[in-house]
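In what follows, a structure is listed as structure tokens, so that the remarks can point back to it.
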Amino acid sequence: DELALLETLDMGKPVRDARRIDLPGVVRCLRWTAEAVDKLYGEVAPTGPHELGLVTREAAGVVAAIVPWNFPLLMACWKIAPALAMGNSVVLKPSERSPLSALRLAALAAEAGLPEGVLNVLPGHGARVGEPLALHMDVDVLAFTGSTATGAKLLQNSGRSNLKRVWLECGGKSPHVVFADAPDLDAAAKAVAQGIFFNQGEVCTAGSRLLVQRSIREDFERFVAEGTANCQRLRQARRCAAGDINCRFVTRRVGCFGQ
């Protein structure tokens, strides 16, 4: 409950969603990775009779992880858990708009006995924290989720420093494509309505575009309007309002899309 409340205070999503979606996802990630720790093996490569070829899996070193504000703790754990499981140290930079759950996670890790320096959390703006991490010569791997423009800059920073490995999950402009032969247009419309409003639309897989075959356009528009109204009624019945937009910057962008 504490972590769910921190997500809501920081990010703006309903605490119901944080408890039922984000936190269970965090737990599944940590448990799955913990279970996999003793199931990663080396290999003996096929060679001639006078050679021995071994494939070993070793820690990369220091992993810098930069995560966004829409699913702060879940995104952090997706990067932290496998990195720690393989014996790396992690420097986590949460978004300056949502650092609270990451800071609390670090405190909980310390209480659980994680050695000092293995998990580090550095909140702050990208120019002050993210870019120095990307340029740091002692960082061996950089993992990032966020905008395509920032991802491109991080690749450049890798080239300017030590050619650290960079793993990117960038952008998101996902279209729904609906054809006339769809077996259930009503179900498709409900998925469209839920897809764009989930997490206040602040998710990389939000269906922010809708491509519909011309012959079913009018009928499908009606179905989508009904599906949207059903989403609103369902939230009212559950006494669970839609969450707040994260910050003024995002609110301005949403306003531009609406115009």
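Treat the numbers as computed from the prediction; the structure is a model and nothing was measured.
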task = Please say whether more than 12 non-hydrogen atoms of neighbouring residues, nucleotides or ligands are located less than 6.0 Å from CZ in R128.
result = no
note = Minimal heavy-atom distance between M11 and W69, with the atoms involved, is CG-O, 2.9 Å
message = With clusters defined by side-chain heavy atoms of hydrophobic residues (ILVMFWY) lying less than 4.5 Å apart, directly or transitively, does V90 cluster with L122?
response = no
Contacts under 3.5 angstrom, residues 102-114 side chains, donor-acceptor by atom type, not counting sequence neighbours:
from, atom 1, to, atom 2, distance (Å)
R104, NE, E2, OE1, 3.4
R104, NE, E2, OE2, 3.0

query = Between L84 and L3, is there a shared hydrophobic cluster once you connect ILVMFWY residues whose side-chain heavy atoms come closer than 4.5 Å?
reply = yes
ask   = If you measure from OG on S95 to CZ on F71, what distance do you get to the nearest 0.5 Å?
value = 14.0 Å
task = May I ask you to test the V178-I216 pair for a side-chain heavy-atom distance under 4.5 Å?
result = yes
inquiry  = Between the side chains of E35 and R31, is the shortest nitrogen-to-carboxylate-oxygen separation below 4.0 Å, so that they form an ion pair?
reply    = no
task = Dump the intermediate steps for salt bridge (charged side-chain N to carboxylate O under 4.0 Å, His left out) on E221 and R217, then the final yes or no.
result = CA-CA 6 Å; E221 284 180 347; R217 174 181 172 178; 3.1 Å; yes
query = Who are the salt bridge (charged side-chain N to carboxylate O under 4.0 Å, His left out) partners of K164, not counting sequence neighbours?
reply = none
key: Over 12 foreign heavy atoms within 6.0 Å of CZ, R57   = yes
ask   = Is it true that atom CD of E116 has more than 12 heavy atoms of other residues, nucleotides or ligands lying nearer than 6.0 Å?
value = no
message = Could you go through K79 and T145, starting from their C-alpha distance and side-chain angles, then the distance that decides it, and tell me whether this counts as side chain to side chain contact (heavy atoms under 4.5 Å, CB included)?
response = CA-CA 10 Å; K79 291 174 171 50; T145 297; 2.6 Å; yes
request  = Tell me whether V67 is reachable from W78 by hopping between hydrophobic residues (I, L, V, M, F, W, Y) whose side-chain heavy atoms are closer than 4.5 Å.
outcome  = yes
message = How about CG on D184, more than 12 heavy atoms from neighbouring residues, nucleotides or ligands closer than 6.0 Å, or not?
response = yes
request  = Identify whether M75 and L73 are in the same connected component of the hydrophobic contact network (ILVMFWY, side-chain heavy atoms under 4.5 Å).
outcome  = yes
ask   = Where is the tightest heavy-atom contact between G124 and V129, given as atom of each residue plus distance?
value = CA-CG2, 3.7 Å
message = Would you say V62 ends up clustered with V118 if hydrophobic residues are merged whenever their side chains have heavy atoms under 4.5 Å apart, either directly or through other cluster members?
response = no
